[in-house]
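Notes to accompany the following structure.
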Amino acid sequence: GNSVTQMEGPVTLSEEAFLTINCTYTATGYPSLFWYVQYPGEGLQLLLKATKADDKGSNKGFEATYRKETTSFHLEKGSVQVSDSAVYFCALKGTGFQKLVFGTGTRLLVSP
Amino acid sequence: DTAVSQTPKYLVTQMGNDKSIKCEQNLGHDTMYWYKQDSKKFLKIMFSYNNKELIINETVPNRFSPKSPDKAHLNLHINSLELGDSAVYFCASSQEAGSGNTIYFGEGSWLTVV
C-alpha cells in the first residue's frame with residue numbers, strides 16, 4: 001500500500017538558517033503530495049501541495065518539488081523564523097476514494 | 001468563518017462513558033473524514049464518508065460509530081470509552097475524493113479518558 005517516510009526529528013535550527021525536511025514515498029499510480037503543518041495546540045493546516053511530477057508547491061517561503069524519479073517531496077525554506085516552530089507532516093493521496101496517508105511528522109524548533 | 005468546525009475542543013471523561021464529537025463543514029464538500037492523532041503525533045484515518053455513504057472504514061473497534069445525517073455533518077460516537085482512546089480526533093472534508101483535492105481539517109478535539 002501507499003506509505004510516506006519522513007526524517008526523524010526534532011530538527012533544531014537557529015533563526016535564518018536553511019531548512020530541509022526529507023520526505024520519500026511509496027505509491028502506485030500518480031498520487032498527489034502534501035505538506036501540512038501543526039502549530040502547538042492547533043489543528044492541521046495545509047502548507048503546500050503538488051499534484052503531478054515536477055510540480056513545485058510553495059507557500060510562506062516554503063517549497064517542495066514532486067520528484068517522481070527519486071519518489072521524494074522534500075520541504076525547504078531558505079531562512080526560518082521562530083514562528084515556523086511546529087510539526088510538519090508529509091502526506092500522500094492516491095486517486096479515487098483513497099485515504100490521505102501521513103508520515104510520522106517532524107518537529108521543527110527554531111531558536112532566536 | 002470556520003470551514004470545518006468540531007465540538008467539543010476539549011473533553012475529559014471517565015472510562016466506560018459514552019461520548020460524541022460533532023463535526024460540521026460549510027465548504028459544500030462531498031467527502032468527510034475522521035482522523036485520530038495519538039500521543040506520538042501519528043495520524044491515522046478512521047472513517048470516510050462521501051455524500052453520507054461510508055467509503056473508508058479502517059480497522060477501528062466497533063465502539064466507534066460515525067454518523068452522517070447529511071453531507072455537511074459527520075459525528076463520531078464512542079461507546080464504553082477506554083484509556084487508550086485518549087487522543088486528538090480530527091474531522092476533515094474535501095471536495096469529492098480525487099487525489100489532488102485538498103483535505104481541510106478542523107482544529108481537533110482533545111479527548112482524555114481517566
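Below, read A as the first sequence line, B as the second, and so on, with proteins coming before strands; counting in each chain starts at 1. FYI, side chains are in, hydrogens and waters are out, and symmetry mates aren't considered; it's all heavy atoms of this structure.
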Chain A shares the most heavy-atom pairs under 4.5 Å, among B:F42, B:F90, B:Y35, B:Y104, with B:Y35

Looking at A:D84 and A:K60, does any basic side-chain N land under 4.0 Å from a carboxylate oxygen?
no

Is A:K56 salt-bridged to A:E63, going by a charged N under 4.0 Å from an acidic O?
yes

Please look at [X] and chain A and tell me whether the side chain, the backbone, both or neither of the residue comes under 4.5 angstrom of a heavy atom of that chain.
X      : result
B:I103 : both
B:I45  : side chain
B:K44  : neither

Could you list the cluster mates of B:F47? Members are the ILVMFWY residues connected by side-chain heavy atoms closer than 4.5 Å, either directly or through other members.
B:L11, B:M15, B:I21, B:M32, B:W34, B:M46, B:Y49, B:L54, B:V60, B:F64, B:L74, B:L76, B:I78, B:L81, B:L83, B:Y89, B:L111, B:V113

Identify which part of [X] has an atom lying under 4.5 Å from any heavy atom of chain B, answering side chain, backbone, both or neither.
X     : result
A:Q45 : neither
A:K99 : both
A:L46 : side chain

For A:P40 and A:S85, which heavy atoms make the closest approach, and how far apart are they?
CD-O, 4.0 Å

Regarding A:S79 and A:E16, is there a side-chain donor-to-acceptor distance under 3.5 Å anywhere?
no

Pairing residues for B:Y10 by the ring-ring contact (aromatic ring centres under 6.0 Å, His included) criterion, not counting sequence neighbours:
B:W110

